Amino acid sequence: MVAPAHPAHADGVRRVVEPAVEATGLLLEDVTVRKAGSRSVVEVVLDVTEDDEDGLDLDRVAEATRAVSDALDAADIIVGEYTLDVMSPGVDRALTERRHFTHAVGHLVTVTLSDGGTLAGRLTEVDRSDDSIVVVPVTPGLKGRKPVVGAPVRVPLSDVRHAHVEVDLSGIGPVDDVDPDEMAGPDAAAGKES
C-alpha cells in the first residue's frame, strides 16, 4: 500500500533540488514525497523552458537525476532510505502554462474554455504578444471519411479553464496499405540489386 504524499516534505525537497535542476538548464515542474513501505519515494518532474528547442531527452534527465541525487544527499533532508524517480511530465499532463502550450504546437489538443465551451483541434500557434493560442478545429470524419477542418480560432490564455494534448494515432495504420515497391526503394522498383 502506498501512503499519501506529504506536502511539507515536498516543499523542503523542492527548496533543495530546484537550484540543482535549474543548474542543468531545466525547470522543476513538481515534487512529490510519499512513503512506500519503509522507504520514501521522491518523485521529481522536470520540464524544459519555453525557448528550449532541444526537448527533454534521456541524457538530460540522467544529468538532472545525478544533480538532484547529489543535492538530496548533501542536504540529508530525507530520513532513511529513499527511491528517487526523476521524470518528464508525460503526455497526459494538463497544459497550464504558456510554455506547455508552446511545446504542444503541432499536436491535437482539447481546450475547455472559461464559458464552459470546448474546442478540439490542432494547436498551431502560441502568440506571446497577446498571450493567446490558435487552434484549428478538427472534427473527426465518420466511417472512413476525412476529418473536417475549420477556420483557426484565437483564444486568450486567460479564457482557458483546462487543456490537454490528445494522443494522435492518425498517422498509424497497417503497413500493407503501402505498395511493396515503394517500401523497398527506387532500386528495387527498377529491378536492380544493391
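Since we're looking at a predicted model, the values are computed, not measured.
For CZ of Arg128, the number of neighbouring non-hydrogen atoms (other residues, nucleotides, ligands) closer than 6.0 Å is greater than 12.
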Which is it for Leu72 and Val13 under the side-chain contact (heavy atoms from CB on, under 4.5 Å) test, yes or no, and what are the steps along the way?
CA-CA 8 Å; Leu72 287 174; Val13 170; 3.9 Å; yes
Test side-chain contact (heavy atoms from CB on, under 4.5 Å) on Glu50 and His100; report intermediate values, then the result.
CA-CA 8 Å; Glu50 186 169 7; His100 298 164; over 6 Å; no
Between Val68 and Val21, does a side-chain contact (heavy atoms from CB on, under 4.5 Å) hold up when you go through it step by step?
CA-CA 7 Å; Val68 167; Val21 170; 3.6 Å; yes
Decide yes or no on side-chain contact (heavy atoms from CB on, under 4.5 Å) for Val17 and Leu28, but give the supporting numbers first.
CA-CA 8 Å; Val17 303; Leu28 182 61; 3.9 Å; yes
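Val44 and Leu58 fall into different hydrophobic clusters, where Ile, Leu, Val, Met, Phe, Trp and Tyr are joined by side-chain heavy atoms under 4.5 Å apart, directly or via other members. Val45 and Val48 are assigned to two separate hydrophobic clusters, defined by single-linkage of ILVMFWY side chains at heavy-atom distances under 4.5 Å. There is a path of hydrophobic side-chain contacts, each under 4.5 Å, that joins Val105 to Val135. Cluster membership check: Leu27 does not share its hydrophobic cluster with Val31, using side-chain heavy-atom separations under 4.5 Å among Ile, Leu, Val, Met, Phe, Trp and Tyr.
A distance of 9.0 Å separates CG of Leu46 from CD of Glu29, quoted to the nearest 0.5 Å. Of the inter-residue distances, the one linking Asp130 atom CG with Ile133 atom CD1 reads 11.0 Å to the nearest 0.5 angstrom. Here CG of Leu95 is found 10.0 Å from OG1 of Thr110. Values are rounded to the nearest 0.5 Å. Remark: His9 NE2 to Thr32 OG1 distance equals 13.5 Å, nearest 0.5 Å. Annotation: the span from Phe101 atom CZ to Asp131 atom CG amounts to 10.5 Å, rounded to 0.5 Å. We find the OH-OG distance between Tyr82 and Ser69 to be 4.5 Å, quoted to the nearest 0.5 Å.
Between Val155 and Val153, some side-chain heavy-atom pair lies under the 4.5 Å cut-off. Counting only heavy atoms from C-beta outward, the side chains of Val109 and His164 never approach each other to under 4.5 Å. Residues Leu26 and Asp47 fail the side-chain proximity criterion, which asks for heavy atoms closer than 4.5 Å. Side-chain contact between Leu108 and Val165: absent, with no pair of heavy atoms (C-beta onward) separated by less than 4.5 Å. Side chains of Leu113 and Thr118 form no contact here, defined as non-hydrogen atoms less than 4.5 Å apart. In this structure the side chain of Glu63 reaches within 4.5 angstrom of the side chain of Arg66, judged on heavy atoms. You'll find the side chain of Arg14 reaches within 4.5 Å of the side chain of Asp30, heavy atoms only.
Closest heavy-atom contact between Pro89 and Arg93: CG-NH1, 2.9 Å. Pro147 approaches Val138 most closely through the heavy-atom pair CB-CG1, 3.7 Å. The nearest pair of heavy atoms linking Arg161 to Gly116 is NH2-N, 3.8 Å. Of all the heavy atoms in Pro137 and Ala151, the pair that sits closest is CD-O, 3.0 Å. Taking every heavy atom of both residues into account, Ala36 and Val41 meet most closely at CB-CG2, 3.7 Å. Between Lys35 and Ser40, the shortest heavy-atom contact is CD-OG, 3.6 Å.
Residues passing the ring-ring contact (aromatic ring centres under 6.0 Å, His included) test with His107, sequence neighbours excluded: none. In this structure Val134 satisfies the side chain to side chain contact (heavy atoms under 4.5 Å, CB included) test together with Thr124, Glu125, Pro152, Arg154, sequence neighbours excluded.
With 3.5 Å as the limit, one finds no donor-acceptor pair spanning the side chains of Asp51 and Thr49. For His103 and Glu53, the side-chain atoms include no donor-acceptor pair closer than 3.5 Å.
Just one residue in the list Asp54, Thr24, Asp52, Thr65 forms a side chain to side chain donor-acceptor pair (under 3.5 Å) with Arg60, and that residue is Asp52.
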